[in-house]
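Computed over heavy atoms, backbone and side chain alike; hydrogens, waters and symmetry mates excluded. Along the sequence shown, residues are numbered consecutively beginning with 1.
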Amino acid sequence: MRIQRFALLGVIGFIIAIGVLSSSFYKIERVGMLRYLSEGINQGMFRLEEDIQKSLQQNRFENMQTLLDQASSIDRAMATLSLSLDSKTIAVSSSRSLVGKPIKEEYLPLSQISEGLIEGEHLHYSSELSYFSGAIKKRAILLVDLNEGFIFERLNYIAMFYGLALFLFLGIAALAVLGTVRRLIIQPLERITLRAQNHNGAQEPHLIEELSILDETLCNSFRLMQTQQTDLKEALDESLYLDGILRTVADINQLLITSKNVEELLKLSCQRLAEHPGYELCHIGLKEGNSLVLRAHSADPTGYLYPKMKVALDGALNDPAIRAIRENTAIVIEHLEHESSLESWRFIAEKGQYGSMISLPLISAIDASPIGAMTLYAKRLEGFEPKEISMLEELAGDIGFAIRSFTQREQLHYHLTTDPITDLPNRFSLVDALRKNSLCGLAIINIDRFSDINEVYGVAIGDAILSGYGHWLRLKLISHENITLYKMGGDEYAIVATHCSDLNAFVQFLEELIIITQKESFVIDEIEIVLTITVGVSRASERVLEDATAALNQAKRHRHSLELFSTHAKREQENNIAWYKRIKEAIEESRVVPYFQPIVDNGSGKIIKYEALMRIIDRDGTIVSPYLFLEIAKKTKLYPELTKIMIDKVVQIFKYSALPVSLNLSTQDLTNPGLADYLEQTIHENGVGKLMIFEILESEGIENYSNVSEFVDRFKSIGCRFAIDDFGSGYSNFDHLLKLNIDTLKIDGSLIKNLPHDRNAQIFVKHICDFAHEMGIDVVAEFVANEEIYHQVKAIGIDASQGYYFYEPSAVLIVEKG
């Protein structure tokens with residue numbers, strides 16, 4: 001509220017207070033005067049009563065009129081005096097017109113005259129007299145009618161005069177006080193307020209010391225507020241600028257997720273950074289040998305930058321990007337117009353009229369050497385804020401980490417999809433191609449008696465033969481656009497024919513290939529080796545790979561060089577029927593039993609868990625491996641029964657064990673709701689949730705991730721753990737590791753057995769192990785058959801081993817050695 005308004009309200013309030021006070025004084029004065037008048041009337045009436053009483057006792061009635069006239073004329077307050085002798089009619093009255101008239105009932109007792117006048121302004125009162133006429137006592141009533149005009153009008157005038165006089169006196173006093181207060185307090189406060197509104201920091205002296213102190217305090221406060229306002233504006237500008245950088249960093253972090261490859265990531269990152277209002281040009285270079293190679297840049301108005309532009313790491317030592325890599329820290333250069341360097345970065349700054357620049361090292365991991373540098377140019381001269389540099393350093397680290405992730409992903413994809421010996425697409429690539437492409441035929445080529453080559457000449461020569469023959473096949477297929485070569489596991493190759501109308505032409509080509517292979521000799525370390533091959537061919541179908549494999553097996557059995565899959569596969573069906581009967585009998589006669597192979601910790605050498613392996617005991621006591629019957633069982637309704645038998649027997653053996661046990665489950669098991677319910681009920685009834693590890697057979701491939709993931713989550717909730725078995729066997733899919741919440745990864749023996757002599761296998765297994773460990777997954781090596789393999793496994797960092805070097809599978813739990 002303004003001071004003027006406050007003062008006006010104060011005056012109004014004071015006037016109201018004076019009015020209330022004057023009115024109260026008026027009322028008090030009026031009441032006092034009425035009390036005084038009533039007492040005078042009481043005294044006059046008392047004397048008149050005495051005179052009338054004497055006259056009545058002396059029977060001098062003629063004196064009554066005189067007494068009443070005298071009394072009414074003396075006291076102006078009494079308008080009329082009357083006397084009644086019979087209490088009904090007026091006998092004598094100072095007003096002759098009232099004589100003989102009846103008495104009205106409006107008269108109050110004279111004793112109530114004071115209250116009657118003050119409270120009700122009543123004008124009619126009576127007083128009872130008693131006298132003796134002889135010996136008889138009589139009663140008379142003296143009536144008095146008061147003069148209303150005299151009593152109230154005059155008294156009101158007098159009381160009002162006193163109240164008005166008091167009002168005027170107090171009003172004049174109030175105005176005098178108000179004037180003094182306005183001059184000493186209000187006007188100084190108005191000037192102080194006006195200076196506050198105008199932000200005027202000049203102060204002035206005041207008569208009242210407190211106002212001077214207030215004025216000085218306000219002036220100092222305004223000066224401080226102006227300083228703080230300036231600081232806040234600068235802080236806000238800085239905050240908005242840094243917020244823009246933070247948004248840019250957030251956008252680029254999103255690119256780290258959405259980019260498909262390194263080139264796309266670097267290109268989009270440069271473009272996004274250059275879009276930030278504070279930056280003008282961005283380029284990113286990566287180390288390649290002894291050079292820093294430009295891999296991406298934003299729009300370059302200077303026209304100087306070009307793709308694959310190189311700067312020698314040991315040449316331009318003053319180049320900020322080279323310094324950032326060499327010193328592993330951010331390099332900031334301000335006021336570029338003062339730089340006299342003739343190097344490329346100075347030329348770009350001069351042509352683009354940039355004022356400052358920063359180069360930041362791209363670091364892919366903690367304590368790792370920089371893999372490149374990111375450089376930003378800005379128009380401003382004063383360089384980059386510390387917080388800004390900190391955010392850019394974090395961004396450069398994120399980009400470096402993303403580049404490393406892309407590189408590792410590419411390496412893993414290479415090892416996943418490429419055979420390390422021949423550098424040909426592997427079985428995984430073949431399966432993927434069969435799923436995506438339309439084909440007319442598939443051929444699987446097997447090198448005859450290749451195991452003899454390995455045994456006679458050694459694995460190194462064998463690998464060289466595989467590589468040499470793969471290279472030879474690739475050359476033979478260059479002119480055939482519709483034929484693609486793949487490397488299967490071991491000593492097998494696959495040839496896929498697409499977009500052909502006649503399978504006979506494909507078969508004829510394969511027959512020619514068999515002939516020219518026999519005529520070719522391969523010389524390795526001065527050893528000449530001639531190869532022969534066996535080929536299985538299948539027409540396009542949903543089971544083309546299985547059919548081609550079956551055709552190859554038929555060719556092997558029949559000792560044919562080439563076999564085309566046909567109805568002759570009925571023999572295999574008959575064999576499958578025979579196996580079905582054997583499996584059913586084994587189930588009915590309880591000859592399906594678990595064997596247990598320990599898994600050993602590579603650090604302590606102690607058994608940490610077991611794997612339960614299914615076996616069938618034939619009636620003659622022969623132990624039958626699941627490799628002979630399991631695939632056949634999966635094609636029948638017997639397979640779920642086999643799984644239930646294994647569950648029951650394994651749980652009964654391990655319900656009181658201190659060590660866990662792993663049990664193999666196929667994708668058919670994982671997607672069987674009835675089996676899942678039965679398994680969960682069995683686990684709950686026996687309390688073995690924390691002892692059960694389920695191995696998912698990776699070699700079968702997983703298509704329905706949602707069902708499998710649901711199964712994993714369901715049993716993890718009751719304490720079970722999960723492992724991927726046979727990883728790296730040819731169908732390896734890292735989606736299993738990324739999409740499924742597994743605990744253990746078991747690397748397939750086909751990779752483990754080659755570790756001592758195969759550098760590519762070592763690299764691949766090492767990448768798998770590192771990748772798994774980064775995801776918190778334990779790694780187990782399968783088929784550890786000898787000490788040499790075991791030492792390689794330990795050197796790579798694999799957590800545990802399983803194989804004949806430690807223990808063979810046994811029908812009873814094996815007690816640790818020593």
Below 4.5 Å, heavy atoms only, C-beta onward: do Tyr804 and Val784 meet side chain to side chain?
-> no
Stacked cation flag Lys644 on Tyr678, 6.0 angstrom / 45 deg = yes
Taking every heavy atom of Asp799 against every heavy atom of His773, the minimum-distance pair comes out as OD2-NE2, 3.0 Å
Correct closest heavy-atom pair for Gly462 and Asn454 would be CA-OD1, 3.4 Å
Would you check if Ser666 and Asp669 make a side-chain contact, meaning some heavy-atom pair closer than 4.5 Å?
-> yes
Between Gln762 and Asn754, is any side-chain donor less than 3.5 angstrom from a side-chain acceptor?
-> no
Under 3.5 Å, is there a donor-acceptor pair between the Glu695 and Ser662 side chains?
-> yes
Assert yes or no for the condition that the ring centre distance of Phe715 to Phe722 is strictly below 6.0 Å.
-> no
Does Met488 reach the side chain of Leu545, with side-chain heavy atoms less than 4.5 Å apart?
-> yes
Looking only at side chains, do Asp601 and Ser604 share a donor and an acceptor under 3.5 Å apart?
-> yes
Check: Gln597/Gln802 side-chain N/O donor and acceptor closer than 3.5 Å = yes
State whether the number of non-hydrogen atoms from other residues, nucleotides or ligands found under 6.0 Å of Lys716 atom NZ is greater than 12.
-> yes
Determine, step by step, whether Arg427 and Glu492 satisfy the salt bridge (charged side-chain N to carboxylate O under 4.0 Å, His left out) criterion, reporting the C-alpha distance in whole Å, the side-chain angles of both residues, the deciding distance to 0.1 Å, and the verdict.
-> CA-CA 10 Å; Arg427 183 185 181 95; Glu492 293 182 349; 5.4 Å; no
Asp448 side chain to Thr534 side chain, donor-acceptor N/O pair below 3.5 angstrom | yes
Does a side-chain heavy-atom distance below 4.5 Å link Val624 with Phe629?
-> yes
Could you tell me whether the side chain of Leu430 reaches within less than 4.5 Å of the side chain of Asn426, counting heavy atoms only?
-> no
Short side-chain donor-acceptor distance under 3.5 Å, Gln792 and Glu788 = no
Lys NZ or Arg CZ of Lys487 over Tyr493 ring: under 6.0 Å, within 45° = yes
Glu264: what forms a side-chain contact (heavy atoms from CB on, under 4.5 Å) with it, not counting sequence neighbours?
-> Ser259, Lys260, Asn261, Leu268
Can you tell if the side chain of Val779 reaches within under 4.5 Å of the side chain of Ile747, non-hydrogen atoms only?
-> yes
Is Asp618 close to Arg591 at the side-chain level, that is, under 4.5 Å between some pair of heavy atoms?
-> yes
Do His471 and Asp423 meet the criterion of a side-chain donor-acceptor pair at a distance under 3.5 Å?
-> no
Taking the six-membered ring for Trp and the full ring for Phe, Tyr or His, determine whether the centres of Phe806 and Tyr790 are under 6.0 Å apart.
-> yes
May I ask you to decide if Thr682's main-chain N or O and Asn686's side chain share a donor-acceptor pair within less than 3.5 Å?
-> yes
Are a donor atom and an acceptor atom from the side chains of Asn602 and Ser801 found within less than 3.5 Å of each other?
-> yes
Report yes if the side chains of Lys287 and Ile371 come closer than 4.5 Å at any heavy-atom pair, otherwise no.
-> no
Ring centroid separation Tyr469 to Phe450 under 6.0 Å = no
Please determine if Arg721 and Asp778 form a salt bridge, counting it only when a charged side-chain N lies under 4.0 Å from a carboxylate O.
-> no
Gap separating the CG atom of Leu265 from the CZ atom of Arg295, nearest 0.5 angstrom = 10.5 Å
